[in-house]
Amino acid sequence: MKNMSKMKRLSLFLLILIQIFPVFANGKKDDTPKPIAFDETWGYVTMANAGAYRDDLPLTDVCYFAADVNCYGELIDVPDINKIPVTGKRRHLTFICDSKSLTHFVLSPEYLVRASIIEQLMEAVEPFDGLNIDLEQVPLRDRNYFLSFVAEMKSRLPGKIISVCVPGRTRRLRDEVFPYAELSALCDRVFIMAYDEHWSGSKPGPVSSVEWCSEVMAYAKKSIPEEKIIMGIPFYGRTWADKKTSGAWTFSSAQTLMEENNVENLEYENGIPKFSYTTEVTVTGFLNDMNSVHKLASEYKKNGINRIGYWRIGQEDPAVWDYLIIKD
């Protein structure tokens with residue numbers, strides 16, 4: 001009876017442990033991510049990849065990418081709002097200009113281009129709920145013109161949501177073209193592109209590490225009201241190669257290349273010297289999957305960020321949609 005009593009006590013103790021620590025029940029920790037709910041979830045959709053959009057995606061806002069500017073100062077490629085039918089979500093027209101020279105003429109009031117583009121944007125954005133300004137090539141000397149451009153779009157488009165994209169920063173630069181605090185005072189949302197920590201020309205590394213993104217978020221929270229912050233999350237990845245195999249070569253550098261790769265003979269093709277060789281290239285890649293995206297989202301959520309955005313729809317691990325949801 002004494003032994004039986006000990007056995008019962010041991011069984012009861014083990015049962016309590018299992019209830020308190022389920023990990024002992026199956027022998028391993030439950031690492032299944034838990035869904036995270038946000039107030040706003042913004043997603044970019046390109047017209048070239050419009051088929052990637054589904055109306056059941058947990059998004060509150062859809063950015064149609066993108067209206068651009070041509071060399072004549074005309075607004076081109078304005079997305080057709082009817083090409084991507086969206087229900088129950090706000091729709092934003094994204095405006096870009098990927099040329100630093102053109103951006104100067106668009107922003108500077110010294111030229112007629114600025115007034116013309118503003119008028120064209122006002123007409124183009126009419127069926128949308130908002131204008132998303134994604135000017136990433138602003139010249140340093142046009143910083144104040146950029147701020148005044150955002151302010152003018154806000155004043156000329158009452159009732160529309162004006163959002164501005166800015167690069168991820170961990171501190172204010174000495175010559176800052178995208179001042180977080182000043183811009184946030186002029187618009188409704190600041191979309192922080194917290195990606196390209198490592199880029200095509202850098203050493204290999206994650207597009208957005210949790211550590212770096214945490215620093216970007218901390219700086220943003222010091223500069224922008226939290227209700228205006230949208231922390232951007234990348235769905236894409238990048239690869240790097242340890243050797244460059246294509247390019248233009250001088251005669252001497254081509255000779256060196258041939259010697260390094262044991263090219264002994266030249267062939268002549270229509271009188272032009274030609275050579276070939278085989279080499280080994282090591283490729284290193286970093287990508288984002290459901291787990292890495294969930295980790296970033298968790299970091300933002302636990303620090304009080306309730307608005308996130310994605311670049312871009314169609315690049316994602318489909319499993320992300322099971323864990324990033326909209327708050328009821």
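Everything numeric here is computed off the predicted structure, so don't read it as measured data.
- Remark: the backbone N or O of Glu74 is paired with a side-chain donor or acceptor of Asn70 at under 3.5 angstrom.
- Hydrophobic clustering, with ILVMFWY side chains joined whenever heavy atoms are under 4.5 angstrom apart, keeps Met153 apart from Ile230.
- Taking the six-membered ring where the residue is Trp, the centroids of Phe65 and Trp311 are separated by under 6.0 Å.
- Heavy-atom contacts from other residues, nucleotides or ligands closer than 6.0 Å to CG of Leu112 number 12 or fewer.
- Nearest heavy atoms, Thr284 versus Pro204: CG2-CB, 4.1 Å.
- Here the side chains of Lys222 and Arg171 are not in contact, with every heavy-atom distance at 4.5 Å or above.
- Contact detail for Gly314 and Ala52: the closest heavy-atom pair is CA-CB, 3.5 Å.
- Judged by distance alone, with hydrogens and angles left aside, the side-chain atoms of Gln120 form a donor-acceptor pair with the main-chain N or O of Leu75 at under 3.5 Å.
- Between the NZ atom of Lys295 and the OG atom of Ser209 there is a distance of 10.0 Å, given to the nearest 0.5 Å.
- Among the candidates Arg90, Arg189, Arg91, the single residue satisfying the side-chain hydrogen bond (donor to acceptor under 3.5 Å, both in side chains) test with Asp61 is Arg90.
- The 12-atom threshold is exceeded at NZ of Lys327, counting heavy atoms of other residues, nucleotides or ligands nearer than 6.0 Å.
- Surrounding CZ of Arg172 are more than 12 heavy atoms belonging to other residues, nucleotides or ligands, all under 6.0 Å away.
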**Study point:** Evaluation steps, side chain to side chain contact (heavy atoms under 4.5 Å, CB included), between Val69 and Phe95
**Key:** CA-CA 9 Å; Val69 181; Phe95 171 54; 3.5 Å; yes
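- In this structure, the side chain of His294 does not engage the main chain of Asp289 through any donor-acceptor pair within 3.5 Å.
- Interatomic distance, CG of Leu135 versus CG of Asp142, reported as 11.0 Å (0.5 Å rounding).
- Atom CZ of residue Phe191 and atom CD1 of residue Ile308 lie 9.5 Å apart, to the nearest 0.5 angstrom.
- Judged by distance alone, with hydrogens and angles left aside, the side-chain atoms of Lys221 form no donor-acceptor pair with the main-chain N or O of Gly304 at under 3.5 Å.
- Side-chain atoms of Glu316 do not come within 3.5 Å of backbone N or O of Pro318 as any donor-acceptor pair.
- With rounding to the nearest 0.5 angstrom, the CE atom of Met217 is 7.0 Å from the CE atom of Met231.
- The cationic atom of Lys301 (NZ for Lys, CZ for Arg) lies less than 6.0 Å from the six-membered ring centre of Phe38 and within 45° of the ring axis.
- One N or O on the side chain of Thr41 and one on the backbone of Thr60 form a donor-acceptor pair closer than 3.5 Å.
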Exercise for review: Give the C-alpha distance, both sets of side-chain angles, the deciding distance and a yes or no for side chain to side chain contact (heavy atoms under 4.5 Å, CB included) between Asp175 and Arg143.
Suggested key: CA-CA 9 Å; Asp175 296 318; Arg143 171 192 185 276; over 6 Å; no
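- Here the side chains of Met193 and Asp134 are in contact, with some heavy-atom distance below 4.5 Å.
- A salt bridge is absent between Lys89 and Asp129; no separation between the charged side-chain nitrogens and carboxylate oxygens falls under 4.0 Å.
- Side-chain contact check for Phe286 versus His198: every heavy-atom pair is 4.5 Å or farther apart.
- Neither side chain, Thr103 nor Gln137, offers a donor N or O lying under 3.5 Å from an acceptor on the other.
- Note that CD1 of Ile84 and CD1 of Ile313 are 10.0 Å apart. Values are rounded to the nearest 0.5 Å.
- With hydrogens and angles left out, the side-chain atoms of Ser202 and Arg238 include no donor and acceptor closer than 3.5 Å.
- Side chains of Ile192 and Tyr180 form a contact here, defined as non-hydrogen atoms less than 4.5 Å apart.
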Exercise for review: Please report the C-alpha distance between Leu324 and Tyr310 in whole Å, then the side-chain angles of each, then the deciding distance to 0.1 Å, and finally whether the side chain to side chain contact (heavy atoms under 4.5 Å, CB included) criterion is met.
Suggested key: CA-CA 11 Å; Leu324 302 179; Tyr310 314 116; 3.5 Å; yes
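- Annotation: side chain to side chain donor-acceptor pair (under 3.5 Å) contacts of Asn291 (sequence neighbours excluded): none.
- No donor-acceptor distance shorter than 3.5 angstrom exists from the side chain of Asn288 to the backbone of Phe235, with no hydrogens or angles considered.
- Of the possible polar contacts, none joining the Ser108 side chain to the Tyr111 backbone as a donor-acceptor pair under 3.5 Å is found.
- Here the closest non-hydrogen pair linking Pro179 and Leu147 is CG-CD2, 4.0 Å.
- Note that the CD1 atom of Ile96 and the CG atom of Leu102 stand 11.5 Å from one another [nearest 0.5 Å].
- Using modelled atom types, one finds no donor on one side chain facing an acceptor on the other under 3.5 Å when comparing Tyr44 with Asn49.
- Looking only at atom types and distance, the side chain of Ser101 has no donor-acceptor partner in the side chain of Ser99 under 3.5 Å away.
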